[in-house]
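First up is the structure itself, then whatever we jot down about it.
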Amino acid sequence: MKRDFICYVDMDGVMNLFESDKNARINMWTPGYFRTIPVRPGISDLLERINAESYVIGLSKVIKRIGVTKEKVFWMNENISPKAYSDIIYVPYDRSKSDFMYPNYPCMLIDDKEENLDECSKYGCHGILLSDTKTSKKYPNANTLEDIWFFYRSLIQTY
């Protein structure tokens, strides 16, 4: 039986290497772009370990361009094991991720944007920053995927 705990995981910049493309903010408007972003090595295995014990839910913002959600679904199917997540939630770009999280549920968010962690922490969600280009003074920084595993394990011991 799974624990009553959710691990929300951002897609762009966490599951994949969105930040590796210096022109990503421009290129993302090109049809098909989200199908081609390289996967973060080892992320599927990590999420599979977490999803075996708790619930992993992908939580990804989508820009207003036709086909983006389909591209992200394709990318997930090609790069992330179906055993690595329980669900995926696609959030309109102009909305807060916290609006789409299950209320009053013990959880954590792995994200590459501190503002998403800020918003979710207002509702009791624990955040960890995983970014190849940024660090946080407010939240734990994941320098490796094992840092995420240890953060997750420390949290679930309190629930």
Side-chain angles (χ1 to χ4, degrees), residues 5-102 107-121 125-136 138-152:
F5 189 87
I6 297 174
C7 176
Y8 293 102
V9 185
D10 178 45
M11 184 181 292
D12 299 319
V14 173
M15 287 189 212
N16 65 37
L17 299 174
F18 184 78
E19 296 171 350
S20 67
D21 176 3
K22 292 179 179 23
N23 296 314
R25 301 275 172 216
I26 296 166
N27 293 337
M28 70 183 182
W29 295 98
T30 304
Y33 179 74
F34 287 97
R35 292 177 65 164
T36 65
I37 303 171
V39 67
R40 180 177 297 279
I43 193 72
S44 187
D45 292 337
L46 170 67
L47 297 180
E48 197 169 319
R49 285 168 58 193
I50 296 172
N51 198 51
E53 297 182 359
S54 299
Y55 297 93
V56 171
I57 298 179
L59 192 62
S60 183
K61 287 197 171 189
V62 291
I63 59 172
K64 291 181 182 180
R65 176 177 57 74
I66 293 173
V68 170
T69 303
K70 285 184 181 180
E71 292 170 24
K72 288 188 175 207
V73 168
F74 175 88
W75 186 92
M76 286 289 290
N77 290 338
E78 290 293 310
N79 295 288
I80 305 295
S81 165
K83 293 179 184 177
Y85 60 96
S86 298
D87 201 358
I88 306 169
I89 300 171
Y90 295 102
V91 178
Y93 202 77
D94 60 350
R95 298 281 304 274
S96 171
K97 287 183 177 183
S98 63
D99 293 343
F100 292 82
M101 298 169 95
Y102 293 98
C107 63
M108 67 182 270
L109 171 63
I110 307 166
D111 209 298
D112 65 327
K113 290 192 173 67
E114 207 169 83
E115 57 268 20
N116 291 330
L117 299 174
D118 286 342
E119 188 63 31
C120 294
S121 72
C125 185
H126 304 276
I128 186 167
L129 186 81
L130 175 62
S131 174
D132 299 319
T133 60
K134 301 170 241 169
T135 58
S136 174
K138 288 194 242 179
Y139 300 98
N141 292 286
N143 297 313
T144 68
L145 296 180
E146 281 302 300
D147 291 342
I148 295 169
W149 175 252
F150 292 128
F151 181 74
Y152 160 75

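Index from 1, following the sequence. Everything numeric here is computed off the predicted structure, so don't read it as measured data.
Ionic pairing of Lys61 and Asp94 is not present here: no N-O contact between side-chain nitrogen and carboxylate oxygen is shorter than 4.0 angstrom. Using a cutoff of 4.0 Å between basic side-chain nitrogens and carboxylate oxygens, Arg49 and Glu146 are scored as salt-bridged. Electrostatic pairing of Arg65 and Glu71 counts as a salt bridge here, judged by a charged N lying under 4.0 Å from a carboxylate O. The existence of a salt bridge linking Lys97 and Asp10 is confirmed by a sub-4.0 Å separation between a basic side-chain nitrogen and an acidic carboxylate oxygen.
A donor-acceptor contact shorter than 3.5 Å is absent between the side chain of Asn16 and the backbone of Pro38. Using modelled atom types, no side-chain atom of Asp87 and backbone atom of Ile57 make a donor-acceptor pair closer than 3.5 Å. When atom types are taken as modelled, the side chain of Arg40 and the backbone of Met15 share no donor-acceptor pair closer than 3.5 angstrom. At distances below 3.5 Å, not a single donor-acceptor pair connects side-chain atoms of Trp75 with backbone N or O atoms of Thr36. Remark: side-chain polar atoms of Ser54 are not paired, donor with acceptor, to backbone N or O of Asn51 under 3.5 angstrom.
Between the OH atom in Tyr8 and the OG atom in Ser98 there is a gap of 10.0 Å [rounded to 0.5 Å]. Note that SG of Cys7 and OH of Tyr55 are 14.0 Å apart. Values are rounded to the nearest 0.5 Å. Note that CD1 of Ile37 and CG of Asn27 are 9.5 Å apart. Values are rounded to the nearest 0.5 Å. Ile80 CD1 to Met11 CE: the interatomic distance, rounded to the nearest 0.5 Å, is 8.0 Å. Between the CZ atom of Phe150 and the CD1 atom of Ile128 there is a distance of 11.5 Å, given to the nearest 0.5 Å. Separating the NZ atom in Lys70 from the CZ atom in Phe34 is a distance of 16.0 Å, to the nearest 0.5 Å.
Remark: the Tyr85 side chain and the Glu48 side chain contain no N/O donor-acceptor pair separated by less than 3.5 Å. Side-chain atoms of Ser44 and Asn79 include no donor-acceptor pair closer than 3.5 Å. At a cut-off of 3.5 Å, with distance as the only test, no side-chain donor of Tyr139 or Asp111 sits close to an acceptor on the other residue. At a cut-off of 3.5 Å, with distance as the only test, a side-chain donor of Tyr33 or Asp21 sits close to an acceptor on the other residue.
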Apply side chain to side chain contact (heavy atoms under 4.5 Å, CB included) to residues Val9 and Leu59 and explain how you reach the verdict. CA-CA 6 Å; Val9 185; Leu59 192 62; over 6 Å; no

Evaluate salt bridge (Lys or Arg N to Asp or Glu O under 4.0 Å) for Glu19 paired with Lys113, printing each intermediate quantity in order. CA-CA 11 Å; Glu19 296 171 350; Lys113 290 192 173 67; over 6 Å; no

Decide side chain to side chain contact (heavy atoms under 4.5 Å, CB included) for Tyr93 and Lys64; before the verdict, give the C-alpha distance in whole Å, the side-chain angles of both, and the deciding distance to 0.1 Å. CA-CA 7 Å; Tyr93 202 77; Lys64 291 181 182 180; 5.8 Å; no

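With contacts defined as side-chain heavy-atom distances shorter than 4.5 Å, the pair His126/Cys107 does not qualify. Counting only heavy atoms from C-beta outward, the side chains of Leu129 and Leu117 approach each other to under 4.5 Å. Residues Asp12 and Ser60 are in side-chain contact: their nearest non-hydrogen atoms beyond the backbone lie under 4.5 Å apart. Counting heavy atoms from C-beta outward, Met108 and Tyr152 have side chains that approach closer than 4.5 Å. Residues Glu53 and Phe5 fail the side-chain proximity criterion, which asks for heavy atoms closer than 4.5 Å.
In terms of heavy-atom proximity, Ala24 sits nearest to Phe18 at CB-CZ, 3.4 Å. Taking every heavy atom of both residues into account, Cys125 and Leu109 meet most closely at SG-N, 3.6 Å. Minimum interatomic distance between Ile148 and Ala142 (heavy atoms only, all atoms of both residues): CG1-CB, 3.6 Å. The minimum heavy-atom distance linking Val14 with Asp112 is given by the pair CG2-N, 3.7 Å.
Tested against Leu145 for a side chain to side chain contact (heavy atoms under 4.5 Å, CB included), the candidates Ile110, Leu46, Leu47 yield a single pass: Leu46.
More than 12 non-hydrogen atoms from other residues, nucleotides or ligands lie less than 6.0 angstrom from NZ of Lys134.
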